There are 2 protein chains.
Amino acid sequence: MSHQLRKHIEEVVALNDEEYAFVLSHFSKKAYRKHDFLIRRGEPVKYCYFVISGLLKLIYDDADGKQHIASFAMENWWESDFAAYFAQSKAQLSLQCIEDTHVLGISLENYNKLAADFSKMEHFFLKKSNAGHIASQKRILSFLTSSAKERYEQLLKEHPSLFQRLPKTLLASYLGVSRETLSRLSS
Amino acid sequence: MSHQLRKHIEEVVALNDEEYAFVLSHFSKKAYRKHDFLIRRGEPVKYCYFVISGLLKLIYDDADGKQHIASFAMENWWESDFAAYFAQSKAQLSLQCIEDTHVLGISLENYNKLAADFSKMEHFFLKKSNAGHIASQKRILSFLTSSAKERYEQLLKEHPSLFQRLPKTLLASYLGVSRETLSRLSS
DNA sequence: TTTAGTGTGTGACAAACATCACAGTTATGA
DNA sequence: TCATAACTGTGATGTTTGTCACACACTAAA
């Protein structure tokens with residue numbers, strides 16, 4: 001259950017029972033149902049979330065009312081509207097459940113405390129942040145260098161499970177093409 | 001001169017003279033001329049660079065021989081092929097001078113040492129990494145939500161200096177459109 | 001069962017963008 | 001200074017993708 005966070009952290013730094021209990025005390029556990037919002041555009045962003053189970057979408061609603069998928073978050077992913085979280089400003093993005101979801105949330109105050117009081121965790125956060133940065137750059141490169149069709153095939157190859165778990169509309173929105181175009185790509 | 005790094009770090013954490021000298025001892029100073037490569041595709045990535053002066057482009061060469069700009073790096077920016085740097089693998093990207101450039105380079109070994117031995121710097125690196133991650137996500141959103149014209153206007157608004165400093169071919173490549181399309185957008 | 005909502009494929013057309021070709025200009029180095 | 005390369009704009013044309021429209025499941029709730 002919450003072993004999961006421990007296991008996840010221990011991929012980077014080892015923890016004993018006491019240390020893990022200390023870490024865990026900075027998080028609060030929450031459960032949400034399909035369609036619930038964890039973060040809503042325009043509201044303050046209180047938490048950064050570690051996903052224990054379920055599936056989330058991080059979305060941006062544009063001026064025309066269209067919805068764009070900034071990213072998905074599944075088991076063992078960290079997600080938030082990071083810009084608003086770190087700046088303690090209002091959310092520009094929304095975070096919503098695609099499936100029933102369990103998460104551990106950490107407030108910015110606790111994030112900063114934990115990093116300051118326990119250098120192993122500061123180290124862990126740095127590793128995670130660097131990895132996230134690298135993943136984002138990879139996605140940017142895919143927009144620069146690949147056609148919609150190539151991005152589709154790459155996603156199919158790297159995350160085939162998403163194609164069963166998600167409606168095509170959301171995949172299209174993640175890839176940056178219309179639903180109709182995606183449908184034509186798969187044939 | 002190398003005050004610049006100190007000033008840059010002190011935007012996040014305060015340093016005394018001794019601490020700064022310690023930090024600086026982990027870097028090596030280098031000068032490059034226009035067209036020189038700091039990182040070449042296929043070769044190991046020894047350093048992460050802090051740009052003191054000049055201008056760099058981080059580029060990806062695709063299979064068709066076309067060049068795509070992953071990012072630019074100007075004064076006070078940190079740049080590398082981070083994926084290859086942290087994994088100590090071969091570069092997939094190249095880093096090349098657009099203008100004569102002075103940098104401070106830090107090896108991964110020194111980066112890790114510095115972070116481990118001096119928690120102020122681990123804190124600094126975490127802040128920088130988070131900021132970089134946020135900037136990347138913003139760029140991803142611009143690809144998802146904006147047309148070429150809108151991306152062009154946004155870049156013009158946020159970094160007008162680049163339009164004097166750079167040939168349009170490179171700007172087009174950064175925005176993900178052809179040179180010709182960019183030219184037609186500006187009219 | 002009916003009804004409304006959601007998800008999916010496909011045709012017809014329009015808009016955005018890439019590509020190829022060419023010309024004119026400005027840098028740059030021998 | 002001259003020769004060459006790099007940079008920029010613009011027309012003609014074709015490809016890719018978006019938009020609108022419609023049809024047909026499939027699901028969930030009354």
Side-chain angles (χ1 to χ4, degrees), chain A residues 33-37 55 57 59-69 72 96-100 141-156 160-187, chain B residues 32-37 54-57 59-69 72 96-100 140-156 160-187:
Chain A
R33 316 202 50 177
K34 189 170 175 173
H35 299 134
D36 285 354
F37 284 87
L55 186 55
K57 58 180 178 178
I59 59 191
Y60 177 82
D61 297 293
D62 72 14
D64 306 334
K66 262 182 296 186
Q67 200 168 91
H68 304 271
I69 306 278
F72 297 113
Q96 189 180 15
C97 293
I98 297 172
E99 303 172 355
D100 293 357
L141 274 179
S142 81
F143 279 112
L144 287 174
T145 66
S146 306
S147 66
K149 176 153 204 166
E150 290 165 328
R151 292 202 301 281
Y152 167 82
E153 283 161 359
Q154 204 175 322
L155 184 64
L156 184 57
S161 66
L162 289 178
F163 286 74
Q164 279 110 48
R165 249 172 127 174
L166 288 175
K168 301 290 165 64
T169 310
L170 293 181
L171 283 178
S173 170
Y174 177 81
L175 291 170
V177 296
S178 68
R179 179 187 66 78
E180 295 90 335
T181 297
L182 179 68
S183 169
R184 287 175 182 119
L185 290 179
S186 24
S187 47
Chain B
Y32 295 91
R33 316 201 50 176
K34 190 170 173 171
H35 298 135
D36 285 354
F37 283 87
L55 185 56
L56 301 168
K57 58 179 178 179
I59 58 192
Y60 177 82
D61 297 293
D62 71 16
D64 306 334
K66 263 182 295 185
Q67 201 169 89
H68 305 270
I69 306 278
F72 297 112
Q96 189 180 16
C97 294
I98 296 172
E99 304 172 356
D100 293 357
I140 290 170
L141 274 179
S142 82
F143 279 111
L144 287 175
T145 67
S146 306
S147 66
K149 176 151 206 167
E150 290 165 327
R151 292 202 300 280
Y152 167 83
E153 283 161 357
Q154 203 175 323
L155 185 64
L156 185 57
S161 67
L162 289 178
F163 286 75
Q164 279 108 50
R165 252 171 126 175
L166 288 176
K168 300 291 164 64
T169 311
L170 294 182
L171 283 178
S173 170
Y174 177 81
L175 291 170
V177 295
S178 69
R179 181 187 66 76
E180 295 91 334
T181 296
L182 179 67
S183 169
R184 289 187 249 263
L185 289 179
S186 25
S187 46

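Keep in mind that what you see is a predicted model, and the values were worked out from it rather than measured.
- In this structure, the side chain of Asp61(A) does not engage the main chain of Gln67(A) through any donor-acceptor pair within 3.5 Å.
- Heavy-atom distances to DNA chain C give each of Ser146(B) and Leu170(A) a nearest nucleotide, and the one nearer the 5′ end belongs to Leu170(A).
- A straight line from CG of Leu185(B) to P of dT8(D) spans 15 Å, rounded to a whole angstrom.
- The distance between atom CD of Glu150(B) and atom C1' of dC17(C), rounded to the nearest whole Å, is 15 Å.
- Atom C1' of nucleotide dC20(C) and atom NZ of Lys66(B) are separated by 13 Å, given to the nearest angstrom.
- Atom CZ in Phe143(A) sits about 14 Å away from atom C1' in dT17(D), given to the nearest Å.
- For the pair Leu175(A) CG and dT16(D) C1', the interatomic distance rounds to 15 Å; values are reported in whole Å.
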Using the 3.5 Å cut-off, write out each protein N or O paired with an N or O of nucleotides 10-14 of chain C and the distance between them.
unit_1  : atom_1 : unit_2    : atom_2 : d
dG11(C) : N7     : Arg184(A) : NH2    : 2.6
dG11(C) : O6     : Arg184(A) : NH2    : 3.0

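- Inter-residue side-chain proximity for Arg151(B) and Phe143(B) is flagged as met; some heavy-atom pair is nearer than 4.5 Å.
- At whole-Å resolution of the value, NZ in Lys149(A) and P in dA18(C) are 19 Å apart.
- Contacts of Ser178(B) with the nucleic acid, taken as non-hydrogen atoms under 4.0 Å apart, include base atoms.
- Contact annotation: Lys168(B) does not reach the phosphate of dT25(C) (side-chain N/O to OP1 or OP2, under 4.0 Å).
- Atom CG of Asp36(A) is separated from atom NZ of Lys34(A) by 12.0 Å, given to the nearest 0.5 angstrom.
- Using a 4.5 Å heavy-atom cutoff, the side chains of Leu166(B) and Leu55(B) are in contact.
- Side-chain N/O atoms of Lys34(B) include none lying less than 4.0 angstrom from OP1 or OP2 on dA27(C).
- Look at NE2 on His35(B): it is 14 Å from P on dA5(D), rounded to the nearest Å.
- How far NZ of Lys168(A) is from OH of Tyr152(A): 6.5 Å, rounded to the nearest 0.5 Å.
- Within the 4.5 Å cutoff, no side-chain heavy atoms of Leu162(A) are placed close to those of Tyr174(A).
- Taking atom CZ of Arg165(B) as the reference point, atom P of dC7(D) lies 16 Å away to the nearest angstrom.
- Contact of the Ile98(B) side chain with the Phe72(B) side chain is registered, since non-hydrogen atoms from C-beta on lie closer than 4.5 Å.
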